[in-house]
Amino acid sequence: MDGLDELRKSWLDRIGGASDEGTLEEFRVAALGKKGEISLKMRELGKMTPDERQVAGPALNALKDEVNAALTAKKAGLADAALDARLQAEWLDVTLPSRPRRQGTIHPVSQVMEEVTAIFADMGFSVAEGPQIETDFYNFDALNIPGHHPARAEMDTFYTHRAEGDNRPPHVLRTHTSPVQIRHMEAHGAPCRIIAPGRVYRADYDQTHTPMFHQVEGLVLGEDISMANLKWVLEEFYSAFFGVAVKTRFRASHFPFVEPGAEVDIQCSFEGGTVKVGEGDDWLEILGSGMVHPKVLEAGKIDPTKYQGFAFGMGIDRIAMLKYGIPDLRDFFASDLRWLRHYGFGALEIPAVHAGV
Ligand code: 2NL
């Protein structure tokens, strides 16, 4: 049959060059569909003589099979190529390092609170808590600070507001955590070994004072507690906190709630504007302490002829500044964490996490 070779070449070329399944389907219809080129040729077989048909028939059938096979093969080839393209496009490298993420960090004051609590816990102290808005009685009277006492004025107390005509003494924002310890004495009696960490408030604002700050007070009561025990506890605490052996120096002082009272200094050096704790010949005042005044024990419903003990109070923000080298207390509460990082607060230096932030 004339032109079969050309027909064959033309369809196989077109099928070979098809770039998508839609085109391939168009070619199938155009070649083998009802009115397809090859189908029309098949129809012509009827008009041939038997001899001609005997040659042309098998040739046309073979062509039809060949084109069909080419279509099937090309279709499979296109599907494979499409899958390859998808695999290329959707490939994911699971071994890539993850992108850095911003991560919050614990506030230095909170961290120091936790460190302090843990050190005292190791020495058998438990934690006592109480209200931040206190009565006049628990904040002052119970601590042997009566109404006329100058300590009330010195403490720059924040008072709450009473309604017009209500003449009861106003509540105060606690100026120390001592009232927590009075409440603890009343509720649990002696012996006792507690610390009272928490927020306290005084109307004061400069480089070393903020109106809200943090304090830890400690109270140990028993039948045989002395200032020697106090000295050991404090040296043990400061050495653990600063990570070096720290000597303390006691200087006689006065606080209405203790007798005798002592201010405690820790050994340090001042060189080039920086303070180093646990070395040198200088002393840094860091804490107030003493033997609990009998009147304060009585206010806490404890018999002062049977029990005695020591108490101390220290500023947390102060020792946090010393440990982590932050010169201005206001930056704890008024500035942001970038500032603290600049000053090298250790807990902020988490590698990788902050990279690229
Ligand atoms: C200071 C002084 C001090 C106390 C706090 C205290 C508590 C009770 C009874 C007796 Cl319940 N005393 N606490 C004692 C002496 C000093 O703190 O200037 N701290 C920064």
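When a ligand or atom number is given, it counts from 1 through the structure's own listing order. None of these values were measured; they are calculated from a predicted model.
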For atom 5 (C) of ligand 1, which candidate among Gly313, Pro179, Ala299, Gly315 provides the closest heavy atom? Gly313
Strictly under 4.0 Å, does any heavy atom of Leu219 approach an atom of ligand 1? no
Of the protein's non-hydrogen atoms, which lies at the shortest distance from atom 12 (N) of ligand 1, and what is that distance? Ala311 CB, 3.2 Å
Listed by chain and number, what are the side-chain contact (heavy atoms from CB on, under 4.5 Å) partners of Pro304, not counting sequence neighbours? Pro294, Leu297, Glu298
Describe, in one word, how the ring planes of His188 and His184 are oriented to each other, choosing from parallel (under 30°), tilted (30 to 60°) and perpendicular (over 60°). tilted
Mode of His293 contact toward ligand 1 - side chain, backbone, both, neither (heavy atoms, under 4.0 Å): neither
Do me a favour and list the nearest non-hydrogen protein atom to atom 8 (C) of ligand 1 with residue, atom name and distance? Leu143 CD2, 3.9 Å
Protein heavy-atom partner closest to atom 2 (C) of ligand 1 - residue, atom, separation in Å: Phe255 CE2, 3.5 Å
For Phe257, which part has a heavy atom under 4.0 Å from ligand 1: side chain, backbone, both, or neither? both
Val296 heavy atoms, cut-off 4.0 Å: which ligand 1 atoms fall inside? 9 (C)
Go through the side-chain N and O atoms of Tyr138 and Glu186 and say whether any donor and acceptor fall under 3.5 Å apart. yes
Holding to ring-ring contact (aromatic ring centres under 6.0 Å, His included), I want the full list of residues that pass it with Phe158, two or more places apart in sequence or in another chain. none
How close does the nearest protein non-hydrogen atom get to atom 11 (Cl) of ligand 1, and which residue and atom is it? Gln181 CB, 3.5 Å
Just which atoms of ligand 1 are under 4.0 Å from any heavy atom in Glu217? 4 (C), 5 (C), 6 (C), 7 (C), 13 (N)
Suppose I only count heavy atoms of Met185 and a 4.0 Å limit; which atoms of ligand 1 are within that range? 11 (Cl)
So, Thr49 and Asp51: side-chain donor and acceptor under 3.5 Å apart, yes or no? no
Centroid-to-centroid, Phe120 to Phe312, below 6.0 Å? yes
Rounding to 0.5 Å, atoms NZ (Lys306) and CD (Glu223) come to a distance of 5.0 Å
Steps toward side chain to side chain contact (heavy atoms under 4.5 Å, CB included) verdict (Trp283, Glu285): CA-CA 7 Å; Trp283 296 96; Glu285 183 189 327; over 6 Å; no
